Amino acid sequence: MTPATAHELLEQAFAPWVKALDLTITDISSSGATLTMPITDNLARMGGIVSGQALAAMADTAMVFASIGHLGQPHPVATTNLDTQFLRPATGDMIRCDAEIVRAGKALIFARATMTALPLNKPVATATATFYIP
């Protein structure tokens with residue numbers, strides 16, 4: 001799967017509120033995926049800081065694409081848990097989320113993600129998730 005085909009899947013199969021995050025899939029492979037999200041007024045809370053809900057949704061989506069990259073084709077996965085740690089205020093121009101597969105079995109995929117604020121290149125949040133493969 002290429003970033004372009006992954007982006008087509010994002011546009012066709014994901015909820016409108018996920019698409020409203022304006023995510024770009026810059027890399028996808030069998031070991032992970034990298035997405036970016038511009039920091040806009042629509043994603044900010046008071047003080048111009050990206051909301052935690054937007055960061056958690058980005059992390060979940062990036063780890064879903066990491067799972068799809070691991071599976072090698074579009075396949076539904078269900079988030080069974082998502083744990084997000086917010087490290088510092090997310091400010092700047094863009095957030096990059098690097099998601100990786102930690103372990104994949106027949107029924108479950110374990111993943112982790114790191115979100116980094118750009119251009120400062122500082123981590124703002126991390127997340128882990130487990131996905132069920134129906």
Side-chain angles (χ1 to χ4, degrees):
M1 175 165 292
T2 67
T5 57
H7 192 74
E8 287 176 24
L9 180 63
L10 175 66
E11 288 301 314
Q12 295 170 4
F14 283 70
W17 61 268
V18 174
K19 292 187 279 188
L21 296 172
D22 196 20
L23 300 171
T24 299
I25 301 158
T26 61
D27 188 43
I28 186 167
S29 70
S30 61
S31 61
T34 299
L35 281 67
T36 60
M37 178 176 70
I39 296 176
T40 65
D41 291 341
N42 291 338
L43 302 179
R45 61 175 184 78
M46 288 190 304
I49 297 167
V50 177
S51 73
Q53 296 93 331
L55 292 172
M58 180 189 202
D60 184 56
T61 305
M63 290 185 283
V64 165
F65 276 102
S67 298
I68 291 169
H70 172 77
L71 295 169
Q73 62 185 1
H75 192 286
V77 295
T79 307
T80 63
N81 76 299
L82 174 65
D83 184 32
T84 308
Q85 302 80 38
F86 303 102
L87 307 174
R88 67 172 43 93
T91 60
D93 299 328
M94 183 173 293
I95 302 293
R96 182 185 71 234
C97 183
D98 298 300
E100 64 180 313
I101 301 301
V102 174
R103 182 182 181 287
K106 291 180 183 176
L108 296 175
I109 296 175
F110 300 88
R112 73 175 147 234
T114 301
M115 287 152 281
T116 304
L118 302 174
L120 295 177
N121 207 35
K122 292 195 174 207
V124 295
T126 61
T128 57
T130 306
F131 299 94
Y132 170 68
I133 308 166

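Predicted model only: the values in this text are computed from it and were never measured.
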ring-ring contact (aromatic ring centres under 6.0 Å, His included) contacts touching residues 66-120 (sequence neighbours left out):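 Residue pairs with at least one partner in residues 66-120: there are none.
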Just jot down the side-chain contact (heavy atoms from CB on, under 4.5 Å) partners of [X], sequence neighbours excluded, or say none.
X: Asp22; value: Pro38
X: Ala4; value: Thr2
X: Ala62; value: Leu35, Cys97, Ala99
X: Lys19; value: Glu11

Keeping to residues at least two apart or across chains, list the side-chain hydrogen bond (donor to acceptor under 3.5 Å, both in side chains) pairs with something in [range].
range: residues 45-57; result: none
range: residues 94-107; result: Thr34-Asp98, Arg96-Asp98, Glu100-Arg112
range: residues 125-134; result: Asn81-Thr130, Gln85-Thr126

Using the test side-chain hydrogen bond (donor to acceptor under 3.5 Å, both in side chains), find all partners of Thr26 that sit at least two apart in sequence or belong to another chain.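 Partners of Thr26 by the side-chain hydrogen bond (donor to acceptor under 3.5 Å, both in side chains) criterion come out as none, since no residue qualifies.
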Among residues at least two apart in sequence or on other chains, which ones pass side-chain hydrogen bond (donor to acceptor under 3.5 Å, both in side chains) with Thr91?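 Residues passing side-chain hydrogen bond (donor to acceptor under 3.5 Å, both in side chains) with Thr91: none at all.
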Ring pair (Phe, Tyr, Trp, His ring centres under 6.0 Å) against Phe65, all qualifying residues, sequence neighbours excluded: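 Testing Phe65 for ring pair (Phe, Tyr, Trp, His ring centres under 6.0 Å), a comparison that skips the adjacent residues, returns Phe14.
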For Asp60, all residues meeting salt bridge (Lys or Arg N to Asp or Glu O under 4.0 Å), sequence neighbours excluded: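 Asp60 satisfies salt bridge (Lys or Arg N to Asp or Glu O under 4.0 Å) with no other residue.
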